[in-house]
Asks: 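So that we are looking at the same thing, I have put the structure below in structure tokens.
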Amino acid sequence: ACSTNSAQSDDKEAAAEGNSTGGTLNVVRLSDATSLDPHFITDIPSANINYQKVYEGLVKPDKDFVLQPSLAKEWKVIDDTTWEFKLNEGITFHDGAPFDAEAVKATFERLLDPATASPQREKFSMIKEVKVIDPTTVQFLLEYPYAPLLSILASQEGGIISPKALAEDPEALKEKPVGTGPFVFESWKSGQEISLTRNEDYWGEKPNIDRVVFKVVPEDATRLAMIETGEAHINDQVPVTEIERIEASETMDLTRAEGLAVEFLGFNTQKAPLDDVRVRKAISHAIERESIISGVYNNVGTLANSAMSPKVFGYSENTKPAEYDLNEAKKLLKEAGAENLKISLLTSDRKERINMAEVIQSQLKGIGVEVEIQVVEYGTFIEMTNSGEHQMYISGWGNATGDGDYNQYNLFHTASHGPAGNSFYYSNSEADKMIEAAREETDENKRLEIYEEVAQIELDEAVYVPIRNYEHIAAHNKNVSGYWLNAANYLMLDGVEIAE
Amino acid sequence: MKTLEEKKILLEVSNLKQYFSVKKDSIFQPKAYVKAVDGISFVVNEGETLSIVGESGCGKSTTGRAILRLDDPTDGKVLYAGKNIVELSKKEMRELRGDLQVIFQDPFASLNPRQTIKQILGEAMTIQKSVPKPKQRDRMIELLNLVGLPGEALDRYPHEFSGGQRQRIGIARALAVDPKLIICDEAVSALDVSIQAQILNLLKKLQKQFKLTFLFISHDLSVVRYISDRVMVMYLGKIVEISDKKDLFDAPLHPYTKALLSSIPVPNPSVKNERILLKGDVPSPINPPSGCRFHTRCPFATDRCKTDEPELRELRENHFVSCHYAEELFSPEPLLPATTK
Amino acid sequence: MLMFILRRLVQTVPVIFGVTIVVFTIMQLVPGDPAVLLAGEGATKETIESLRVQLGLNQPLYVQYMEYVSNIFRGDFGTSLKNNQPVLDEILLRLPITLELAIFSTIITIVLGMAAGIISAVKPYSITDTVVMVIALLGISLPSFWFGLMLMYGFSVKLQIFPVAGWDSLAHIVLPAFTLGAGGAAIVARMTRSSMLEVIRQDYIRTARAKGVKERVIVYKHALRNALIPVITVVGLQFGALLGGTVLVESIFAINGLGRMIVDSIRMRDLPMVQGGVLVASLVFVAVNLLVDILYRFFNKRIELN
Amino acid sequence: MAEQNETILEVKDLKTYFYTKRGVSKAVDGIDFSLKKGETLGIVGESGCGKSITSLSILRLIPTPPGKIEGGEVLFKGRDLVSLPNSEMRKIRGNEISMIFQEPMTSLNPVIPVGEQIAEAIRLHQKMNKKEARAKAVDMLKLVGIPSPEKRAKQEPFQLSGGMRQRVMIAMALSCNPEVLIADEPTTALDVTIQAQILELIKDLQAKLGMGVIMITHDLGVVAETCNTVAVMYAGNIVEHAPTQNLFDEPKHPYTRGLLASLPKINEDKEELYTIEGSVPSSYSMPQGCRFASRCPFAEAVCQQKQPELLEQPDGSKVRCWMYSDHWTGAKPQEEVFS
Amino acid sequence: MAIELNKEKPLIVTQTLDHPKQSVFGSFFSVFLENKAAVVGGLIILFYIFIAVFAPVLAPYHPHDINLDNKLMPPSTEHWMGTDDKGRDILSRILYGSRLSMGVGFAAVIFGAFFGITLGLIAGYYGKWIDSVIMRCMDVLLAFPGILLALAIVSALGPSLINVTIAVGAFSVPLFARIVRGSTLEVKQLEYIDAIRSLGAKDGTIIFKHILPNIMSPIIVQGTLRVATAILSAAGLSFLGLGAQPPSSEWGTMLSSGRDFLFSAPYIAIFPGLAIAFLVLGFNIFGDGLRDAFDPRMKK
Ligand SMILES: Nc1ncnc2c1ncn2[C@@H]1O[C@H](COP(=O)(O)OP(=O)(O)OP(=O)(O)O)[C@@H](O)[C@H]1O
Ligand SMILES: Nc1ncnc2c1ncn2[C@@H]1O[C@H](COP(=O)(O)OP(=O)(O)OP(=O)(O)O)[C@@H](O)[C@H]1O
Ligand SMILES: [Mg+2]
Ligand SMILES: [Mg+2]
């Protein structure tokens with residue numbers, strides 16, 4: 001599906017009236033960035049500042065999440081393990097350093113250097129070497145064939161950093177990013193705001209606005225009130241429940257974009273009673289997913305049919321999760337001899353997730369399963385899932401690269417138990433083999449076939465209950481137009497305009 | 001009046017000191033003390049009433065409290081029946097407490113407002129095991145009658161009684177454990193004259209009946225004259241004079257005693273006594289004057305008084321005084337006309 | 001007086017030590033491992049382990065504590081686990097904002113509270129008194145966060161008199177300061193009133209009347225000065241409640257202050273930041289109490305005699 | 001008439017009641033007395049008999065509510081203070097009639113320097129500027145015998161001892177040369193040696209300034225020493241009013257007699273004290289007859305039925321007792337009780 | 001005329017008791033009942049207790065019953081206070097929530113009072129270094145501004161109603177300790193304590209039988225007022241997401257989730273807000289009334 005900004009066409013007209021360039025764009029957000037060094041960023045609020053604003057990668061996804069040239073003009077796969085990129089010329093970093101193959105090499109060498117201790121290193125571990133062929137040509141030599149390479153290069157971690165800044169003071173990059181993007185970092189008042197100004201020497205199309213300020217406003221209601229009164233322009237973290245209010249408002253509008261992530265109810269498949277596939281299936285049959293989408297999410301997002309969203313490479317329409325069928329569920333429970341079940345449901349403290357947990361709790365009551373909800377803050381959540389202390393849990397998988405491998409390998413492969421992502425502690429040698437095969441397969445159709453098949457296996461074994469394909473929403477005051485949300489929930493400001 | 005020949009010492013206090021540390025104004029200041037009682041020695045004979053008089057803050061109550069070991073004294077000995085009370089363990093002291101009892105000034109503060117009279121008396125008996133449980137009730141009624149209260153008072157709370165009646169209950173409580181020595185700390189000061197008379201009579205009667213010994217603390221010299229056998233005058237934590245009552249009132253030897261006696265307004269307009277007005281106020285016990293502590297207010301003070309501390313000397317039989325010039329100032333004539341016409 | 005100030009300063013030292021111990025102990029009770037959080041989703045065991053070493057989390061507790069305290073004395077409150085900034089810098093960035101908010105709120109507390117209290121006390125049991133005291137009772141009974149949201153809804157969104165959030169102009173200060181100060185004002189009002197009524201009963205007021213002093217002079221000269229002495233202490237204590245209240249109010253009004261920093265850091269389990277934030281907030285409170293004590297003594301010299 | 005007899009203050013049938021939740025407390029219930037210039041009138045009586053309320057009523061300082069002056073007149077130089085407007089009353093307070101209270105510890109404003117507290121009274125009633133008033137305040141402190149008065153004037157009450165504070169109170173009361181000084185137990189809280197100083201001071205100043213003094217006390221000794229005439233109060237009434245000498249020599253009311261008999265005396269040894277049995281009736285429910293009847297050893301039927309009037313006696317004293325009226329049967333011989 | 005005692009008169013005349021017999025509580029209640037505000041406060045509290053006890057009978061729906069088709073319904077005859085974002089009946093949730101909110105308030109205060117009273121009694125009675133040590137520790141706890149201490153404790157122990165209770169309770173320990181210590185010091189110097197000591201009573205007896213009952217009034221007053229504060233603090237912690245866990249209908253939690261709908265469905269936040277405010281108000285006026293009733297100066 002095409003994910004255009006629903007409000008965009010109207011806004012374009014407004015912009016066409018001509019009174020539109022310049023100005024400071026105020027973006028309000030839930031939380032502050034933690035770091036601005038792409039190699040250390042692990043959270044969206046931080047990444048959002050850099051992505052396609054301060055830093056750019058060799059390639060970038062477009063609105064349909066198809067990868068397009070960015071700093072790289074073109075590329076080819078020389079063999080299974082060698083990729084070659086031709087770079088654009090005449091580009092300089094914000095600190096004046098020229099962009100060339102050496103810069104690319106420097107960036108990735110730092111990322112891959114164990115001494116850097118980048119939490120993102122693992123993701124790029126298939127890269128054996130980055131080889132400078134000439135100033136505008138660079139080769140990536142891989143350990144093993146890795147089809148989704150482009151997708152990880154397009155992620156925010158793949159941003160190319162100024163080699164000058166890297167050589168001088170890499171520590172400083174945490175607070176002061178230096179890239180090639182359309183915006184230059186200006187200042188960061190911790191906990192309060194981060195501001196960027198327009199890069200007047202930008203190699204591509206320069207942004208319309210002079211400046212963008214990301215302000216931290218933790219309270220949801222306050223953020224929206226600021227949009228409503230025009231104190232701020234864009235709020236990209238909107239509670240789904242406010243949609244009607246935004247749509248009804250005279251001063252606000254809504255932007256929606258399909259996402260890459262999928263939200264699901266996961267089972268710890270090694271913990272009794274969930275180690276019994278019948279119990280898992282019973283629960284899967286007892287959950288009425290549609291009502292969660294409409295009731296909890298206010299129809300933001302679509303019903304998921306696997307752990308991959310339609311935007312992810314590897315998605316198939318054909319995978320089928322368990323039908324809502326209470327009788328079947330009860331029957332399965334009986335078969336399993338599991339009566340008076342008491343199961344805990346772990347979730348992080350995100351509001352929608354808590355709501356969802358409550359709904360699941362109430363739905364499972366229908367088959368006599370008593371659910372105890374455990375709400376913990378995100379850090380504890382991660383720890384608990386990493387250490388396998390949990391029974392059921394609600395989580396989402398970001399699919400940051402938009403490729404099925406990132407999804408399947410991390411979520412379901414035996415090698416990924418625990419922190420790497422497989423908190424189901426699911427282990428199926430057949431599935432493992434298929435995932436490995438898909439990873440090395442270069443024929444896209446074949447990969448798609450493998451993914452469809454393995455995804456159905458996982459659903460049949462009731463490892464999880466897919467709930468929702470993400471949809472990102474943002475509210476903006478009617479005087480802004482031209483921005484969009486990409487599928488990974490980054491705010492894209494290339495066309496943004498502020499009307500007076 | 002008692003004859004003093006067959007006196008037997010019940011309590012002996014020697015060199016009793018009680019210092020209270022006071023809050024300092026600065027961490028650099030040396031530790032300061034209120035020398036509330038500063039080395040006093042005296043004896044209390046069995047069956048007698050010894051009174052302690054003196055102005056507010058001179059250490060009367062402190063002396064009483066130290067004897068009862070309500071506060072642990074800084075130094076000195078308190079010998080009761082041959083035992084030094086100060087050195088007794090908590091447990092030994094608890095056992096001895098039946099012998100030493102106390103009656104306080106404030107009839108409103110001296111009874112637990114949440115206990116009935118029965119509980120108050122019962123608790124006293126139980127703690128000291130003076131009366132076995134089944135006999136307690138009878139004994140309580142007996143005690144109440146003894147102090148002039150009806151038995152029906154047992155089930156009431158203290159707030160239902162008048163000040164004088166409460167004082168009677170306090171006395172009954174003290175008697176409940178069959179004490180030998182009762183310390184009366186301002187036991188009648190808070191009462192109106194008519195009630196005061198009742199309580200004073202009661203105390204006298206009980207003393208006779210039970211051969212009690214009283215240590216009677218008061219600042220009211222008229223009351224002291226009425227109730228005591230011997231009187232001890234204190235000034236700023238020291239004994240200035242101690243003697244038989246008659247001797248003291250008729251022929252005081254210390255200038256302070258004289259001034260004190262002459263300051264009492266006499267309820268008889270025809271008596272015009274010659275008054276010795278003292279200058280100024282009582283000095284602070286934190287930094288008491290050097291030498292004789294009274295020298296700052298004494299009309300007869302000399303340079304010697306500023307430096308030398310006078311000893312307590314026996315100038316007449318059983319009449320001790322601590323003044324360098326007691327002999328010279330001593331006048332055979334009583335300062336006060338002894339009686340009304 | 002100087003001696004008194006010195007002595008109070010010295011007395012403060014063990015309290016501060018106690019505070020560091022409590023803060024440290026509480027933070028040790030936090031379940032889980034900050035390194036795991038810091039490493040983020042999908043980090044390897046080695047990454048986490050190296051982070052632990054880097055953060056000194058593998059040391060025994062008392063070593064960590066000693067380290068912690070000695071660092072504090074050197075002005076080193078550690079670095080944020082979240083963004084690797086020195087905690088002290090982060091705090092110093094926010095402290096002035098919170099102090100500003102607290103001071104404005106305190107002014108509201110004092111002015112509003114005392115005025116209301118005096119109005120009430122001058123005519124006790126009158127209609128004015130009843131109305132003022134009912135409002136004051138409501139003031140201490142309403143949850144402040146709720147009150148703040150209501151104010152924002154009314155005055156910013158609907159009436160658009162004040163800006164919704166932020167901390168740029170005087171207009172931004174009004175609503176949060178009022179939200180924060182209202183509860184305190186209510187308490188001060190009640191305290192002022194009861195203190196006034198208490199003082200009016202005193203013997204020296206009767207003495208003033210017996211001199212022929214006018215009622216108005218009695219209220220403002222003889223009674224008020226005495227009545228305000230206990231109120232000073234209440235204002236001091238209120239300051240503590242106020243500092244605590246910033247946690248909520250700063251979140252609602254998006255003020256980048258210490259309170260919000262603490263809440264955010266708790267959420268992120270950024271231990272050094274929480275430790276530092278709570279410690280500094282307590283130090284500020286201790287300092288305010290010290291000031292109040294000195295003021296109190298200044299106004300009430302009798303205190304030393306009791 | 002006031003000028004001729006030099007009577008400056010006359011209290012007629014003064015009644016002050018307190019309206020409380022427990023009922024009406026008739027604290028002062030029909031009091032009559034008068035005060036001449038230069039005279040000292042003592043008012044004695046047991047705690048709660050209405051002494052303080054009487055004195056506060058004169059200056060209209062009763063806490064209202066619950067207190068209220070229910071009737072009677074307080075004639076000061078011919079003017080009835082009870083019905084005077086507040087502003088007029090303020091002019092009299094502290095100026096023509098002053099008062100000293102019992103508690104020197106609490107009767108001075110703790111946060112105002114004592115000199116200023118005296119100066120305030122002066123400035124209220126005399127046309128003086130701040131500086132003059134302050135100078136006068138220092139003079140007054142000197143007059144009451146406070147050493148280094150300039151220094152003391154700048155001090156706050158907590159820096160002074162009890163005796164000194166009472167002197168300050170006296171200085172304040174006398175600063176405008178009042179014609180009447182009401183001293184409500186001015187020495188009760190003080191030690192005897194200090195009490196002697198203060199009483200001496202009041203006597204001296206009275207002789208010097210010639211004012212009328214009402215000395216309220218429960219100490220018959222103080223009365224004997226300082227007063228010309230004495231009013232004995234019992235349960236809201238005056239039961240006996242007599243020249244001091246007469247009262248002590250020949251007390252008439254059984255209560256007065258009992259009181260004197262029950263007093264231990266400094267210059268006298270006694271084996272046992274006389275006691276007045278029973279207790280004061282509650283001020284909320286006064287008996288209809290004589291209020292002392294229930295405790296009176298001589299009470300007859302008439303005493304229970306009707307309250308006696310204050311009867312003038314040949315020696316100039318007045319007594320509220322049926323014994324001195326024609327209704328008396330004399331059934332119980334009194335000599336057996338007291339002598 | 002010299003006055004001599006009549007020798008025939010009995011020395012001791014038995015006194016008559018002229019006050020009618022009355023209990024301590026009788027007089028207290030009469031004073032209390034005259035304080036209209038306090039009675040109103042008491043009635044409010046009783047009303048809430050009634051609600052808490054009979055919630056299952058009174059509530060029209062089950063508080064946890066989710067009905068997503070019915071969500072965000074404004075107040076109507078079917079749902080008097082409307083429904084929340086999951087279609088749960090707000091009235092029912094508030095009724096059930098009274099158990100939790102009041103429970104937290106009472107439990108926290110009992111917890112804080114227990115430790116505070118114990119420490120305060122020990123410090124006040126034994127004095128000297130014990131007093132210093134205990135009170136310095138209390139000073140340390142008091143040095144934490146407002147709910148920061150509670151916040152820190154909850155963040156350490158994890159969010160749950162029980163932990164909130166502990167945290168809020170811990171926060172009031174020093175307050176009780178101070179009050180109890182002060183009152184203990186006051187009562188300790190009363191003469192009846194010396195009297196019982198000189199009878200040889202043990203420390204335990206003195207503390208628990210003679211001191212504690214006589215300092216109950218400030219404790220009860222403080223306790224009542226603290227319940228109010230505890231309910232508010234707990235709600236504040238819930239607001240920050242550190243309190244009761246879903247689907248709990250604790251009012252603070254309800255209010256916290258309701259704040260997202262403050263503009264679109266304000267009744268979700270308004271009703272629990274009012275429920276809290278009203279209950280807290282009840283405790284506040286009740287506490288005030290108690291204070292007046294206990295205060296001897298108020299007894300006219
Ligand atoms: N616990 C204490 N701590 C400090 N100082 C004390 C203490 N008890 C008594 N003092 C001081 O010791 C001195 C003597 O006090 P004490 O109570 O013995 O006097 P007193 O003669 O009984 O006086 P009064 O007639 O007023 O009862 C006073 O200055 C008093 O302030
Ligand atoms: N505010 C009040 N409310 C009710 N009754 C009062 C009040 N003030 C005084 N009374 C009553 O007035 C009566 C007389 O009180 P007053 O103060 O005049 O006694 P007093 O003779 O001065 O006693 P004392 O010697 O104790 O000072 C008392 O019985 C008391 O009950
Ligand atoms: Mg004493
Ligand atoms: Mg009086």
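Every chain is numbered from 1, with letters handed out A, B, ... down the list of sequences. Predicted model, so just to flag it, every value in this text is computed and none were measured.
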Asks: If you count heavy-atom pairs within less than 4.5 Å of chain E, which of Lys91(B), Glu123(B), Gln101(B) leads?
Replies: Glu123(B)
Asks: Check whether any side-chain heavy atom of Val34(B) lies under 4.5 Å from a side-chain heavy atom of Tyr19(B), and answer yes or no.
Replies: no
Asks: If I compare all heavy atoms of Val187(E) with all of Ile193(E), which pair ends up nearest, and what's the gap?
Replies: O-CG1, 3.3 Å
Asks: Taking side chain as everything from C-beta outward and backbone as N, CA, C, O, which of these in Arg65(B) sits under 4.5 Å from a heavy atom of chain E? Side chain, backbone, both or neither.
Replies: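 For Arg65(B), side-chain heavy atoms alone lie under 4.5 Å from chain E.
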Asks: Would you please say whether a donor-acceptor pair under 3.5 Å links the side chains of Ser89(B) and Glu92(B)?
Replies: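 Note: Ser89(B) and Glu92(B) side chains meet the donor-acceptor criterion.
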Asks: At a heavy-atom separation under 4.5 Å, does Gln105(B) approach chain E through its side chain, its backbone, both, or neither?
Replies: both
Asks: I'd like to know if the side chain of Glu186(B) pairs up with that of Ser61(B) as donor and acceptor (distance under 3.5 Å, no hydrogens or angles considered).
Replies: no
Asks: Specify which of Ile127(B), Leu70(B), Leu111(B) makes the most heavy-atom pairs with chain E at under 4.5 Å.
Replies: Leu70(B)
